[in-house]
Amino acid sequence: MFNRLPALARFLFALIAINLLVFEALRGAFWVAFRETLAGASGEDLLKAWYLGTKFDLRLALLVLLPLALLGWIPRFDPARRRTARIVWLLYLALAQCVLLLLYFVDFGHYAWLRVRLNASLVDHLTPVRVAAQVAWETYPVVWGLLALLVLTSAYLWGARFAAGRTLTPGAAPLAKWPRRALIATLIVLYAAGIYGKWSRYPLRWSEAYFSSSEAVAALALNPVLFLTDTAENRNLPYDTDKVREHYATTAALLGITSPDPQKLDFARWVVPPRRPAARYNLVVIHLESLAAFKAGIFGNRMNATPALDAIAGAGLLFTNFFVPEVPTPRSVFEMLTGIPDVNGSTTASRNPLVVNQHTLVNALEGYEKYYFLGGSATWGNIRGLFTHNIPGLHVFEEGDYDAPQVDGWGVSDVVLLDKAHKTLLGEKKPFFAFIQTAGNHRPYGIPDEHPGFELAQADAAKLEENGFDSLAAFNGLRYLDFALGSYFAKAKESPYFKNTVFVMYGDHGNPSTQQTPWQELLLTGYHVPCVIYAPGLVKPGRIDFTASLPDILPTSLGLIGIPYLNTALGRDLLNFGPGDRHFSLIGTNGVLDDEFYFRADPGNPRLFPYRSQTGAAADVHEHYPEKAAELQRLQEALYETAKYLLYHNPPRAHSAAAVPKEDRK
């Protein structure tokens with residue numbers, strides 16, 4: 001059958017096999033050269049890493065041959081019909097392979113030096129060119145490397161020429177016109193599938209290589225050439241060390257660091273909560289998709305879309321001025337998990353391979369089982385790498401783990417998601433941490449056709465608009481999220497784990513309001529969200545009105561359940577403030593809030609708004625309060641510059657008091 005394929009297809013198959021063989025041999029050479037780094041890895045992890053690496057290698061092989069696969073069918077460029085075209089393609093293949101082999105050689109040296117696979121930060125090491133060239137000459141066997149490059153490129157060219165001679169010949173009994181077209185269409189689909197990498201809504205992504213907490217296992221799975229391109233958009237490091245150092249004293253004071261060191265720029269402090277409950281508490285964090293504060297009844301909305309949340313907030317601790325520093329959802333997930341505002345830039349931090357290594361307070365929960373529940377795929381937003389790489393032993397429940405069909409692109413319904421979480425936690429014998437990420441309250445607001453106990457509501461368009469909803473679908477989407485929340489707590493309250501569990505619920509970001517309120521004019525509705533801590537018997541019902549922020553979630557939660565932790569980021573324990581501690585939240589890349597004012601550092605036009613004022617909340621008053629404006633500008637710069645720096649300087653560390661000076665062990 002192979003000989004009946006078109007000549008170009010046979011040639012492509014042969015080249016794919018050759019390229020894949022070369023890349024796999026180089027992966028084997030990498031494993032041999034650096035096998036000591038993999039000494040602690042399990043056989044299962046090594047096999048999975050190699051399997052993923054093979055899929056990355058196949059993608060690279062297909063991408064290199066894509067110009068030939070696209071243009072070779074045109075008679076002028078067909079290597080089977082024109083000798084000149086064959087020579088040009090062979091030269092292209094040799095040149096491409098030479099470049100790839102050079103990148104692999106550089107990758108070996110890069111990993112030997114830094115224990116990091118080749119990435120876009122390489123460019124920073126190439127300047128000044130004279131110094132970089134001298135260092136390379138003095139450090140690596142450049143001459144032998146160039147000779148090896150010449151020999152291997154020549155060997156590859158010989159192999160490609162041999163394949164051309166064997167495949168670019170008339171086939172035996174060529175297929176008829178329509179079978180040939182059908183076969184070519186099938187090959188196109190298979191080619192595209194090979195590049196895509198998996199049978200899923202999301203393609204194979206670099207984050208899947210970080211399925212283990214081991215850096216070495218991830219390195220074995222990665223393809224250095226593809227990883228170089230994956231990191232290209234994040235090449236320019238966004239932080240300015242001098243600016244971080246300039247504001248270090250301010251930031252250290254805000255975080256309560258009593259032994260600041262502006263040279264090391266370390267923000268670590270060992271925190272021992274002042275109280276510890278007699279029982280060991282579980283921690284469940286529920287991420288409420290797109291829940292703007294103004295849409296909830298507890299904030300005065302008259303549409304009654306959130307009766308379950310309103311009841312829980314009434315029986316728990318409600319933070320009325322709680323803000324997320326950045327949107328959308330992936331940024332909020334990153335901020336909650338790391339305590340760092342996601343100011344990564346054009347793309348979210350979870351999509352930046354250069355910042356995948358992060359310290360998280362979740363790991364202070366020693367002896368806890370840890371769970372992540374998501375109705376769709378954890379490949380979304382490359383979030384898988386953030387969780388699985390930084391939380392050893394994490395149990396991930398995602399698409400394919402639920403006995404229910406997907407409602408829409410975001411996965412199963414929130415009712416199914418929360419029910420799965422409940423049943424899983426119900427059977428857990430050890431203390432646990434669970435992060436449950438809802439997604440239904442998001443366009444297209446998918447609600448299952450069968451939804452026992454829930455009825456779709458009808459509402460007048462004018463009334464919807466008056467209460468900030470832009471559509472009936474958005475209203476019912478929020479109602480269904482609230483219904484799922486109510487259904488979950490109805491079952492959880494009857495479970496053994498309920499009495500020893502702290503539940504933390506927060507909106508991951510807000511939405512624009514249809515009403516042009518002062519906060520909408522300031523765009524604060526996109527950042528203002530509900531946050532509720534619910535733990536009957538441990539937390540007294542009440543309201544906290546000072547300004548708080550999403551990075552504070554985990555420090556506050558661990559403080560409440562009495563777990564000591566090493567805090568290396570910007571989050572603080574909201575329930576353990578001293579009289580002089582300031583309340584603030586970074587807002588976007590140019591704003592900051594305290595308990596009275598919102599400062600926005602628009603280019604060339606700094607402004608100050610009394611955002612909590614009953615009248616004139618959106619009025620610029622910076623000329624009336626110049627000292628306050630200057631103070632908040634310094635605060636905004638300190639937080640923003642530090643956040644940019646911490647994205648790249650917050651590696652996982654042991655939760656140990658020995659990691660910080662005695663003065664910073666609280």
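Along the sequence shown, the residues carry numbers beginning at 1.
Each of F105, Y111, F23, Y104 was compared with F30 under the ring-ring contact (aromatic ring centres under 6.0 Å, His included) criterion, and only Y111 meets it.
Because its NZ or CZ atom is not both nearer than 6.0 Å to the ring centre of Y372 and within 45° of the ring axis, R384 does not count as a cation-pi partner of that residue.
Within 6.0 Å of the CZ atom in R115, the count of heavy atoms belonging to other residues, nucleotides or ligands exceeds 12.
Applying the ring-ring contact (aromatic ring centres under 6.0 Å, His included) rule to pairs touching residues 52-99 yields W89-Y92, sequence neighbours excluded. Listed by first and then second residue, the salt bridge (Lys or Arg N to Asp or Glu O under 4.0 Å) pairs involving residues 185-205 are K198-E208 (not counting sequence neighbours). Listed by first and then second residue, the side chain to side chain donor-acceptor pair (under 3.5 Å) pairs that reach into residues 57-66 are R27-D57, D57-N223, sequence neighbours excluded. The ring-ring contact (aromatic ring centres under 6.0 Å, His included) analysis of residues 186-205, with sequence neighbours excluded, yields no pairs.
With 3.5 Å as the limit, one finds a donor-acceptor pair spanning the side chains of Y156 and N19.
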Can you list the steps and then say if R331 with D508 is a side-chain contact (heavy atoms from CB on, under 4.5 Å)?
CA-CA 9 Å; R331 296 191 190 271; D508 74 319; over 6 Å; no
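Applying the side chain to side chain donor-acceptor pair (under 3.5 Å) criterion to D401, with sequence neighbours excluded, gives no partner residue.
Taking 4.0 Å as the cut-off between side-chain N and carboxylate O, D470 and R443 count as a salt-bridged pair. Taking a cutoff of 4.0 Å between a charged side-chain nitrogen and a carboxylate oxygen, D78 and R82 do not qualify as a salt bridge.
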List the atom pairs, donor and acceptor, that lie under 3.5 Å between side-chain atoms in residues 40-52 and the rest of the protein, sequence neighbours left out.
from	atom 1	to	atom 2	distance (Å)
S42	OG	D45	N	3.1
W50	NE1	E24	OE1	2.9

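Ring to ring, F373 and F435 are not that close: their centroids are 6.0 angstrom or more apart.
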